[in-house]
Chemist: 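Before I ask anything, let me first share the structure, which is written out below as structure tokens.
All residue numbers in this chain count up from 1 along the given sequence. Side-chain atoms are counted along with the backbone in the values below, which use heavy atoms only and exclude waters and symmetry mates.
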Amino acid sequence: MWNDSDLQHDVEKELAWEPSAHLKRINVTVKDGKVELFGHVDHYWEKCVAERAACRVLHVGSVVNTIHVSVPFDQIRADDDIALAAMGNLEWNCAVPATVEVQVQDACVTLSGNVEWQYQKDEAERALGPLKSITGINNKITVDPKSTLGEERGHIEEAFKRSALVDRSHIKAHVSQGIVSLRGTARSRAERDEAMRAAWSAPGVRNVEDHILIQHS
């Protein structure tokens, strides 16, 4: 049987185990399976890595990321330089359409525009995460599918059936006017994330509502 103290220890160990970022200045608190991360990092990428690492840990229900990004003085760049680098990254990324626009203010990147699929919105943000000198990303891209969502519940639940991660007996999809609502319980954040990904893959989806509870055993 686990408790919040055990979970905090596991999250701290997972942060220390992550090789792609320096996460020693991050602190962890846990209450009822809800994790909060706070502290300081030099790069926005490290803030993202820390959240993903925490989400990987068994029994984590949710993660609140209040880590502050403090860019080292010798790596500070002008907003125009950051915007130019960001636009270059997106231009060379075949998964991101040309409809995505970039603005930068005080080293924080804002993404806007329309895309047809959620994965394109996600990829635009993912592609810019490792950029030096940025302090955050506001993803305001709108998902505007060209096709119309029909009765896709059966297809989404078939995708759950094919998945090695999703237990379709515990997660159900409800579809109405381009909106998919997922309800039920998941054994982990990984299962919940895979269910969300599968739902977003249905043609015509404008939004996926997450009502999945992480079931702690």
Side-chain angles (χ1 to χ4, degrees), residues 1-4 6-11 13-15 17-18 28-37 47-66 95 114-126 129 137 139-217:
M1 177 65 103
W2 65 275
N3 55 39
D4 285 343
D6 293 334
L7 184 54
Q8 179 177 338
H9 177 72
D10 285 348
V11 172
K13 293 284 284 185
E14 188 66 18
L15 294 178
W17 189 250
E18 175 56 56
V28 179
T29 61
V30 179
K31 184 176 181 180
D32 299 329
K34 299 177 181 179
V35 175
E36 181 176 0
L37 304 176
K47 178 176 181 176
C48 298
V49 168
E51 182 170 340
R52 288 197 295 269
C55 288
R56 288 196 299 263
V57 176
L58 185 65
H59 302 307
V60 168
S62 62
V63 176
V64 177
N65 191 344
T66 60
N114 296 325
V115 296
E116 186 176 357
W117 296 90
Q118 176 69 21
Y119 82 84
Q120 296 169 322
K121 176 177 179 176
D122 293 340
E123 177 60 21
E125 182 171 344
R126 186 210 63 78
I137 298 177
N139 195 339
K140 297 184 178 181
I141 297 171
T142 300
V143 178
D144 186 17
K146 295 179 181 179
S147 58
T148 301
L149 180 65
E151 181 48 59
E152 295 291 339
R153 174 180 174 179
H155 296 301
I156 294 171
E157 293 187 350
E158 284 178 7
F160 291 170
K161 182 179 179 180
R162 294 192 299 270
S163 174
L165 293 177
V166 178
D167 183 348
R168 69 186 180 116
S169 67
H170 291 127
I171 299 177
K172 300 298 182 182
H174 304 269
V175 178
S176 177
Q177 299 180 342
I179 298 175
V180 178
S181 177
L182 297 181
R183 300 179 183 275
T185 58
R187 295 158 294 183
S188 66
R189 289 274 305 192
E191 182 178 12
R192 171 261 182 199
D193 291 347
E194 176 60 17
M196 293 286 290
R197 185 204 64 78
W200 272 117
S201 297
V205 172
R206 296 181 178 276
N207 190 30
V208 176
E209 297 178 348
D210 175 19
H211 301 290
I212 298 172
L213 299 177
I214 309 297
Q215 187 176 51
H216 305 298
S217 58

Chemist: List in chain and number order the residues that pass side chain to side chain donor-acceptor pair (under 3.5 Å) with S62, two or more places apart in sequence or in another chain; answer none if no residue qualifies.
Modeler: none

Chemist: Got a second to check how far K47's NZ is from I137's CD1, nearest 0.5 Å?
Modeler: 10.5 Å

Chemist: Could you pull out all residues at least two apart from E157 that satisfy salt bridge (Lys or Arg N to Asp or Glu O under 4.0 Å)?
Modeler: R153

Chemist: Could you tell me if the side chain of L37 sits less than 4.5 Å from the side chain of V64, heavy atoms only?
Modeler: no

Chemist: Under the side-chain contact (heavy atoms from CB on, under 4.5 Å) test, which residues partner H211, sequence neighbours left out?
Modeler: S181, R183, E209

Chemist: Could you work out, with side chain to side chain donor-acceptor pair (under 3.5 Å) as the rule, every residue matching D6, not counting sequence neighbours?
Modeler: none

Chemist: Judged by atom type as modelled, is there a donor-acceptor pair below 3.5 Å linking the side chain of T142 to the main-chain atoms of D144?
Modeler: no

Chemist: Provide the closest heavy-atom pair for L15 versus A53 in the form atom of the first, atom of the second, distance.
Modeler: CD2-CB, 3.9 Å

Chemist: Name the residue from D32, V28, V60 that meets the side-chain contact (heavy atoms from CB on, under 4.5 Å) definition with L7.
Modeler: V60

Chemist: Test of understanding: with side-chain contact (heavy atoms from CB on, under 4.5 Å), list the residues that count as partners of L58, not counting sequence neighbours.
Modeler: none

Chemist: Grab the two heavy atoms, one from I156 and one from A199, that are nearest each other, plus how far apart they are.
Modeler: CG2-CA, 4.2 Å

Chemist: Do other residues, nucleotides or ligands put more than 12 heavy atoms under 6.0 Å from H174 NE2?
Modeler: yes

Chemist: Which value, rounded to the nearest 0.5 Å, describes the distance between I214 atom CD1 and K34 atom NZ?
Modeler: 12.0 Å

Chemist: Listed by chain and number, what are the salt bridge (Lys or Arg N to Asp or Glu O under 4.0 Å) partners of E18, not counting sequence neighbours?
Modeler: R56

Chemist: Can you name the nearest heavy-atom pair linking V166 to A195, along with the distance?
Modeler: CG2-N, 3.8 Å

Chemist: CG/D210 to CZ/R192 distance, rounded to the nearest 0.5 angstrom?
Modeler: 4.0 Å

Chemist: For R189, enumerate each residue passing the salt bridge (Lys or Arg N to Asp or Glu O under 4.0 Å) test, keeping only those at least two apart in sequence or located in another chain.
Modeler: none

Chemist: So do E123 and Q120 actually touch side chain to side chain, heavy atoms under 4.5 Å?
Modeler: no

Chemist: Listed by chain and number, what are the side chain to side chain donor-acceptor pair (under 3.5 Å) partners of D167, not counting sequence neighbours?
Modeler: S169, H170

Chemist: Give, for atom CG of D122 and atom CZ of R197, the distance between the pair rounded to the nearest 0.5 Å.
Modeler: 11.0 Å

Chemist: If you look at every heavy atom in G33 and D4, which pair is closest and at what distance?
Modeler: N-OD1, 3.2 Å

Chemist: To the nearest 0.5 Å, tell me how far T185 OG1 sits from K172 NZ.
Modeler: 11.0 Å

Chemist: Just to verify, what does R168 make a salt bridge (Lys or Arg N to Asp or Glu O under 4.0 Å) with, not counting sequence neighbours?
Modeler: none

Chemist: Test of understanding: with side-chain contact (heavy atoms from CB on, under 4.5 Å), list the residues that count as partners of W200, not counting sequence neighbours.
Modeler: Q118, V143, M196, V205, N207, V208

Chemist: Looking at E191, is its backbone amide N or carbonyl O close enough to the side chain of S188 to form a donor-acceptor pair, meaning the two atoms are under 3.5 Å apart?
Modeler: yes

Chemist: Taking only residues two or more places apart in sequence, or in another chain, which ones meet N139 in a side chain to side chain donor-acceptor pair (under 3.5 Å)?
Modeler: E125

Chemist: Who passes side-chain contact (heavy atoms from CB on, under 4.5 Å) against A198, sequence neighbours left out?
Modeler: A159, F160

Chemist: Find the distance between CD (E14) and SG (C55) and round it off to the nearest 0.5 Å.
Modeler: 11.0 Å

